[in-house]
Amino acid sequence: MTERRILVTSALPYANGHIHLGHLVEYLQTDIWVRFQKLLGRRCVYVCADDTHGTAIMIRARQEGRTEEALIADMQAAHIRDFAAFDIEFDHYGSTHSPANRELCAIFWDGLLKAGLVSEREVTQLYDPVAGTFLADRFVKGTCPRCKSKDQYGDSCEKCHSTYAPTDLIDPVSTISGATPEVRAANHLFINTEQMRPFLVEWTQTADHLYPDVAKWLDAAFLSEPLRDWDVSRPAPYFGFEIPGAPGQYWYVWFDAPIGYVAATKEWCARTGEEFADWWRSDKTDVHHFIGKDITYFHTLFWPVMLKAAGFNLPRMVHIHGFLTVNGEKMSKSKGTFVRAATYLEHLDPACLRYYYASKLTPKLDDLDMNLEEFAAKVNSDLVGKVVNLASRTARFVEGTGLAAKYPDDGGLFAHAAAAASEIAAAYEACDYNRAMRLVMALADRANKYVEDREPWNLRKKAESAAELQAVCTVALNLFRQLVVYLAPVLPRLARQTGELLNRPIRRWDEAQTPLAGTKVNRFERLMDRIEADRVKAMIESSREDAPTAPSQQPTTAASAPAAPAAADGPDALAAEPLAGTISFDEFAKADLRVARVVAAEEVPKSKKLLRLTLSLGGDERRNVFAGIKEAYTPEQLVGRLVICVANLAPRKMTFGMSEGMVVAAGPGGSEIYLLSPDPGAVPGQRIH
RNA sequence: GGGCCCGUAGCUCAGCGGUUAGAGCAGGGGACUCAUAAUCCCUUGGUCGGGUGUUCGAAUCACCCCGGGCCUACCA
């Protein structure tokens, strides 16, 4: 009988950014699971890679004046460094920009073609000649072809609820540049997922490949209606792989990214002499993906279709975790809670984060909250106060004598803890690390009580108690070692140090079943340090310094803002939203921007993003404007202040009423929105030139 | 507005149809002094978000409401 193989992946980090504490939830969750499997002696391989393609990488490389290859090589090196520092141990770490991935993309593509799932359609699309790009439906507006309502989006009319193609619009206008779009034909390649519906329904809904919540969500959100074709091509220029047989067309980054899992495996096989087919084309292999809930869609619909069509193993299980919040809120650059892995390492021990995350992780999609006070308290009390303390308070007493030759009577303590192994293992297996940690800590409590009751510190005072002292310490250190075996997936360094202390390396899970006796005990060295609150504070402070923007809650004036060195401004904002095409002065002058005062502001009750503003342009001129800034500003913050308003924008009917202009602001959206305002002296009604 | 998830002690969470609802930390009292002010014992603290049902029995199931998160739409 052939042993089962387990292949594990974490989602591929994008080569456009550094690893931060949010990423680490996933890589630590996965690494712990893999280490657990390996500790059990199972055949388990963990692969990952950098996700390197796409427009963002291309733009950024251009801005930095170097090749994409140079950019992604640097970023990959940084990622590998960060992962290694956190003891995240991949069997192989590749890149989607690799020969292996290109080759596998072609194999997948071939499979999709043969399955009849690919269609090439010459789509006529609106093209913005000024911005130099094709326009998605929502970036075009015009007059509804049915009911002739003005200012309707390219896909459907809000007035008569009819749907149509953007090319059907009368008098279309690009919402990006205001230019009149041209109709251009472009070749697009699509994957028809609707054809695979019976397979998808069966795969997502029947076997236990997914958490029930996820299966339910997919059913309600996508499978309840016809699945739309997935557009998997992008026209040049694009950083990626050109599609064979389709010159000028490149695979969309989300097409080649998951194939990176397979490519990384293939590279690992080449390196180790393994047979590739054993790992991706074998019913003896279980593939486990670990991902965040944001990319569920890709991994549970598109990816299974691709694998099925190309004849590769389908995932045995997709493990999905929630997001990280810090102190109950989304990570925030301005609050210093957006902490890079490298920044954490400057201040704190990676083992602390490994344990803390483990103590919070469950197999649910719930978000994980990192409460910074709790972080320090939990690590200090559990690891330092309970676990490490056991060795710290007894090892010194047996430095000279070593462990007793025969394991003494301990009243059943060791046997009790040994019996807990299966329950703890089941918790690890189910990704319920929270439960595993609680079980281990309960054992640690019993062990400390044992030491307390036997008072070794008194035994050492009397020569005739020497044997009993050695016996008590032998028990305590064995209980300690047992805990460390159970914690080894989470704390590999502690396991190694413990192996050195007791002269017996910890290599297997079942080492918790047999006590050590008669071994030498080395000089005790501090196994782990307490977390000082100051260190956590310092980490937050230096993360705050990395922040490129001021807090949105307290808009600062230019005068009071600290002078930021220009060199500290990163390229991310520009990369996220590339420069638009050149326009003439006349085109600019069409926009009538005015200074306006917010004279009233109120929340729009049924809307999550909108505030209703009344703007004064001076005199009696008033404008009613809906602005999508609710998450960044309260009405109270706005009333009385000056803003910049687009005064000649065509009025637009919205769900809640007519909007007669817009206020201008910077930022990516959500809570990161920064309204523009003039320097002191400007008055409402003045035009911006 | 539509969809999904969550709401249990001060904090972070377990329990998810059946005895007086639990843990860790924090708080209070005591013990000990080997240990990184660690450990051990005792202890305060909850109408399990609210309401209505189903049931012999509900934190646990159903429905409604309130609050939080995410996806989606409206962000001109």
Side-chain angles (χ1 to χ4, degrees), chain A residues 138 141 151 153 156 158 173 175 178 211 213-214 216-222 224 293-294 296-297 322-323 325 327-330 356 359-360 362 364-371 373-386 388-397 432 434-435 437-439 441-442 444-445 447-461 469 472-473 476 524 526-532 604 606-611 625-632 645-646 649-656 658-665 669-670 673:
Chain A
R138 50 187 289 199
K141 64 179 190 179
D151 293 310
Y153 277 114
S156 65
E158 292 176 329
V173 174
T175 60
Y211 302 154
D213 290 348
V214 177
K216 224 165 94 184
W217 173 70
L218 287 172
D219 184 41
F222 299 103
S224 59
K293 62 184 181 185
D294 52 330
T296 300
Y297 183 72
F323 297 139
T325 57
N327 291 338
E329 302 181 323
K330 258 199 276 191
Y356 183 71
S359 78
K360 308 281 289 188
T362 65
K364 299 193 204 164
L365 299 84
D366 298 359
D367 288 350
L368 184 159
D369 184 50
M370 178 170 191
N371 180 289
E373 281 181 31
E374 188 206 30
F375 166 60
K378 190 156 211 147
V379 168
N380 290 346
S381 115
D382 288 0
L383 290 186
V384 181
K386 288 180 180 173
V388 164
N389 188 226
L390 275 170
S392 175
R393 67 194 305 199
T394 57
R396 287 190 183 94
F397 297 150
D432 197 349
N434 164 278
R435 180 170 159 74
M437 295 306 104
R438 279 186 293 126
L439 290 167
M441 289 310 139
D445 286 341
N448 271 302
K449 180 168 164 46
Y450 170 83
V451 175
E452 201 70 24
D453 291 345
R454 301 301 295 268
E455 303 182 344
W457 53 92
N458 286 332
L459 296 173
R460 96 190 144 139
K461 289 172 185 164
L469 174 65
V472 169
C473 293
F524 179 80
R526 194 177 258 263
L527 297 168
M528 191 168 281
D529 290 307
R530 304 177 64 76
I531 296 179
E532 304 294 341
V604 179
K606 293 288 174 63
S607 166
K608 287 177 185 170
K609 295 184 181 173
L610 296 178
L611 291 181
V625 169
F626 289 95
I629 56 175
K630 192 175 185 173
E631 291 173 69
C645 138
V646 185
L649 193 64
R652 174 170 166 70
K653 166 111 175 48
M654 299 181 63
T655 319
F656 313 101
M658 192 65 83
S659 188
E660 306 164 324
M662 67 183 280
V663 294
V664 298
I673 293 175

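All figures in this text were calculated on a predicted structure; none of them were measured in a lab. Chain identifiers are assigned alphabetically (A, B, ...) following the order of the sequence lines, protein sequences preceding nucleic acid strands; residue numbering begins at 1 within each chain.
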Run the side chain to side chain contact (heavy atoms under 4.5 Å, CB included) test against [X] and tell me which residues pass, sequence neighbours left out.
X	value
A:Asp529	A:Arg526
A:Asn434	A:Thr362, A:Asp432, A:Arg438
A:Glu455	A:Trp457, A:Asn458
A:Phe323	A:Lys293, A:Asp294, A:Asp367

Can you name the residues that form a side chain to side chain donor-acceptor pair (under 3.5 Å) with [X], not counting sequence neighbours?
X	answer
A:Glu660	none
A:Arg435	A:Glu423
A:Arg454	A:Glu468
A:Asp382	A:Tyr355

Contact class for A:Ala442 vs. all strands (heavy atom < 4.0 Å): base, sugar-phosphate, or nothing?
nothing

Which part of the nucleic acid does A:Asp294 contact within heavy-atom distance under 4.0 Å: base, sugar-phosphate only, or nothing?
nothing

Taking atom P in both B:A21 and B:C74, what distance in whole Å separates the two?
50 Å

Could you give the distance separating B:A62 and B:C25 at their P atoms, to the nearest angstrom?
35 Å

Dot-bracket, 5' to 3', for RNA chain B please: Watson-Crick or G-U pairs under 3.5 Å, [ ] where pairs cross earlier ones, | where the partner sits on another strand, dots elsewhere.
((((((((.[[[[.)..(...]]]].(((((.......))))).....[[[[[..)....]]]]])))))))....

For each nucleotide in nucleotides 30-39 of chain B, reading 5' to 3', give B when a protein heavy atom comes within less than 4.0 Å of its base, S when such contact involves only the sugar-phosphate, and - otherwise.
--SSBBB-SB

With sequence neighbours excluded, residues passing salt bridge (charged side-chain N to carboxylate O under 4.0 Å, His left out) with A:Arg393
A:Glu452

Close N/O contacts between protein and nucleotides 4-7 of chain B (under 3.5 Å):
residue: B:C5; atom: OP1; partner: A:Lys216; partner atom: NZ; Å: 2.8

